[in-house]
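None of these values were measured; they are calculated from a predicted model. Throughout, a chain's letter reflects where its sequence line sits, starting with A, and its residues are numbered from 1.
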Amino acid sequence: MPEIIPQDYFRHEDVVGIARDLIGKILVTNVENTITSAIIVETEAYNGPEDKACHAYNNRLTPRTEVMFKEGGIAYVYICYGIHRLFNVVTGPVGVGSAVLIRGVEPLLGLETMFIRRNNNQKMHNLTQGPGLVSQALGITTDHNGLPLLSTNAIWIENAKMVPDDQVIASARVGVEPSGPIWSKMPWRFRLKGNKWVSPAK
DNA sequence: ACTAGGATGGTCT
DNA sequence: GACCATCCTAGTA
């Protein structure tokens, strides 16, 4: 029996550690009574008020960022470039606006459904590599924003064997150049070495 | 292989 | 009205 990661797990302050730890864990959704699941192979940490690349930088509180300040273990979903939904896991205690962006997953269950949602004719590549595609394939929408990660809420994360450090690459985050040389270079992007489901970005 | 540009809309100044 | 934590297509090679 797979064990669902309890919400407590996401409530400590070390968002970078959580991002690293989530590599290899299983993201599961149950929308319209269909289960889809996938192994998390790429993440990025957004580290609260001090991190200029983080939406909650300087504790900026807006209707959008509100859920980031809630207790860890809930979903933060926002729309990017008007088209894509990006799924994050909120971390930290109440009042700390940090989160982990899920950037790439390796499909596990519900392949048929993912192909349909992605409108992609059985082309395995491009199915779930990239944060926008992850949400498409798993059926994640802004309806999930603010939901606790519980099986009763149709979205949750299951535990899996710890991935050893020599299998994980840490590097700079993607698409955050405007945040300046310091924050854009923090090695807070994690990916599974050699996995073909990580996003194309270098 | 690679690069350039367009799609498309919420959010914030 | 500018700014995006992106992806896809069409062009050239």
Rounded to whole Å, how long is the line connecting atom [atom1] of [X] with atom [atom2] of [N]?
X: Asn47(A); N: dA5(C); atom1: CG; atom2: P; answer: 17 Å
X: Asp51(A); N: dA5(C); atom1: CG; atom2: C1'; answer: 11 Å
X: Phe87(A); N: dC7(C); atom1: CZ; atom2: C1'; answer: 20 Å
X: Glu42(A); N: dA5(C); atom1: CD; atom2: P; answer: 16 Å
X: Tyr46(A); N: dC4(C); atom1: OH; atom2: P; answer: 12 Å
X: Glu177(A); N: dC3(C); atom1: CD; atom2: C1'; answer: 16 Å
X: Asn88(A); N: dT6(C); atom1: CG; atom2: P; answer: 11 Å

Note to self: Can you work out whether Gly175(A) or Gln136(A) has the more 5'-proximal nearest nucleotide on DNA chain C?
What the structure shows: Gly175(A)

Classify the side-chain pair [X]/[Y] by whether it contains a donor and acceptor separated by less than 3.5 Å.
X: Thr113(A); Y: Thr36(A); result: no
X: Ser199(A); Y: Arg103(A); result: yes
X: Ser98(A); Y: Thr91(A); result: yes
X: Glu44(A); Y: Tyr46(A); result: yes

Taking the side chain of [X] as heavy atoms from C-beta outward, which of [options] is closest to it?
X: Ile83(A); options: dT6(C), dT11(B), dA7(B); answer: dA7(B)
X: Asn126(A); options: dC8(C), dA5(C), dC12(B); answer: dC8(C)
X: Tyr78(A); options: dA5(C), dT11(B), dC7(C); answer: dA5(C)
X: His84(A); options: dC12(B), dA5(C), dC7(C); answer: dC7(C)
X: Val176(A); options: dG10(B), dC8(C), dA5(C); answer: dA5(C)

Note to self: Using salt bridge (Lys or Arg N to Asp or Glu O under 4.0 Å), reason through Arg11(A) and Glu71(A) one step at a time and then give a plain yes or no.
What the structure shows: CA-CA 7 Å; Arg11(A) 288 178 184 161; Glu71(A) 210 163 26; 3.6 Å; yes

Next item on the list: Using the aromatic ring of Tyr81(A) (for Trp, its six-membered ring), decide whether it stacks on the base of dA7(B) within the limits of 5.5 Å and 30°.
Entry: no

Check: So, is Arg103(A) close to the dT6(C) phosphate, meaning a side-chain N or O under 4.0 Å from OP1 or OP2?
Finding: yes

Note to self: Can you see if the side chain of Arg64(A) gets near the phosphate of dA5(C) - specifically, an N or O under 4.0 Å from OP1 or OP2?
What the structure shows: no

